[in-house]
Amino acid sequence: MTTEIHSLESYKEEYRKSVTDPEAFWKKEAETFTWFKPFETVCDWNFDEPNIKWFGGGKTNITYNCLDRHIETRGDQTAILWEPNNPDDEVKKYTYKELLDEVCKASNMLKSLGIQKGDRVVFYMPMVPELAIGVLACARIGAVHSVVFAGFSAQALADRVDDAQAKMIICSDYNNRGKKSIPVKQVVDEAMDIGCNSVDTVIVHKNTGFEINWSDDTDQSWHENMAKQSSVCEAEPMDSEDLLFILYTSGSTGKPKGVVHTCGGYMVYTCYSFKNVFQYKKGDIYWCTADIGWITGHSYIVYGPLLAGATTIMFEGVPTFPDAGRFWDICQKHKVTQFYTAPTAIRALMAKGDEWPAKYDLSSIKVLGSVGEPINEEAWHWYDKHIGKGNAPIVDTWWQTETGGIMITPLPGITDTKPTYASYPMPGIQAILVDKDGYELTENNVEGLLCIKYPWPSMIRTTYGDHARCKQVYFSTFKGMYFTGDGARRDENGRIRVIGRVDDVINVSGHRMGTAEVENAINEHPNVVESAVVGYPHDIKGQGIYAYVITQDKTTNDDFRREILAVVTKEIGPIAKPDKIQFVSDLPKTRSGKIMRRILRKIASKDTGNLGDISTLLNPDAVQDVIDNALV
Ligand code: WT7
């Protein structure tokens, strides 16, 4: 039996055990899975290199543990329940048995098209069941999946495919989103034109049947190939530390980096955290509204729930189609018991009015989850009152692409909840606050930088193809610790509140973006000399994107703004479009020529009361000019 925490005492006891003897704690947890060959060591680690190995010597396959293992006990239970974009279309349900059959067929399809263990396969697909099936098929044969969110541009897709040196792309024809059908295959075609030289096959899942271009050299039909396959495919024995997937995420500098997760540790941690954070019970219907293009979808739509034998909902559509009651309609229709979403969605639906949730019976909901960014007090109370009706504890879960699973969170009905506090670390997670010199702040009622001082099974192993970058970004700021990039405070009772990033990463509607990445995109416009991008508080998105732009020929009209938005859309995708563009003649800089973002952030946030000492700047006059023309 896996560690199951059901009382405050057991939380405290498990936490204590996990710190005094981490290896015994994780060994017990890992032994609840099926291993083809037992592991010999629990954890070998060194944060300097970094070199992190969990469950060394063990062989397993995560899909065996997600699927085969459950066939005897719950083969006829729904594994994936798919809710289509259009509520009048048919819901699809896959039992564990059916899902295993489909995954085996897809595995055989990948093999028949030349995919071998270790090859990288990129997914660029909407939220259709075939995405989950394809991802699991990769894991079953040992291919490394890399899912690219289908809102990214052709350029962004090509960058990721090239970095991963993927052999194959799997996509759909179109993406059904609300009233729109968005071309997907067309974006892949464009990406293939500008890069993707490593790709020899594109599998196309016909989702809508609308017209697409077809290239006989590379394109293969999902349906035609699947129809030929047997539904038997043994799961490939994988070393614990073999790659499971790469997921690209933004950092404070340069291009997005490929966060690498491996088979054994990720399996153990996502299952353990899923069971405990959501207190999943047999018969429950769990729904996470994320997209599988992000880590939340990987860990808490696909792997965690399936490992735990849960019924997991996959939703194709958007929260406001056909109207702002859609989420609540789905909760009522499927009697959802655990509902997990992002603060930005809560705020957007809150703005539509209390009458929307009031129309639906939400009494099945036992646990509410929040993830992706700090949840503000107002949204927290609205969620509690109008969705949970005061009866469903809110788990404000803090974690990151790099952590693989939920790290700091209340446990529903077990630990208390406090608005805006992610609260307590999970047993096994040694989260600490340090000051700017890296000294641990051991007392309560302090603010500091959030670090983790001991490894956990689902932590990042490397950044794909660039281990030095992994070391530099996460393990060099403070010696012997993983640095999260977040600032946090701890209250008088030891609860942690994550305040936000302390680096040049912004969080827009729960989407993580590097300011440098957006600047680089803006700078692609030939009429842009220089730009600086910062985040500012935004009512719905959490943070909005504010761009300061110096232009070549002093053009400052809205047409030019639109051109800049178009460049950003082309380079990254619509999610990176600045909300505000201010044309400036100069950007405040230090004597060494570094842009003073601290000042620009304050101006964008309407916080110009105390800009600090600006007299040492290279060009102090620039500050007043920026303030005078600020779009706030
Ligand atoms: C960053 C990680 C984890 C899945 C989705 C985002 C912020 C995430 C919370 C929370 C405050 C949060 C942090 C973190 N963040 N959850 N509950 N409270 N901040 O994953 O894209 O890797 O972003 O999101 O700043 O570092 P991600």
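What you see is a predicted model; the values in this text were computed from it and never measured. Order of appearance sets the numbers: ligands from 1, and atoms from 1 within every ligand.
Salt bridge annotation for K257-D466: absent, with no cationic side-chain nitrogen under 4.0 angstrom from a carboxylate oxygen.
The only member of I460, L450, I52 that meets side chain to side chain contact (heavy atoms under 4.5 Å, CB included) when paired with Y482 is I460. Between T462 and the options T262, V260, L243, a side chain to side chain contact (heavy atoms under 4.5 Å, CB included) holds for only V260.
Between F274 and Y303, the closest side-chain pair of non-hydrogen atoms is not below 4.5 Å.
Taking each heavy atom of H467 and E49 in turn, the nearest pair found is NE2-O, 3.6 Å.
Under 4.0 Å from any atom of ligand 1, one finds heavy atoms of residues I295, T296, V371, G372, E373, P374, D396, T397, W398, W399, Q400, T401, D486, V498, R501, N507, R512.
No close placement of the Y272 and W456 rings is indicated, their centers lying 6.0 Å or farther apart.
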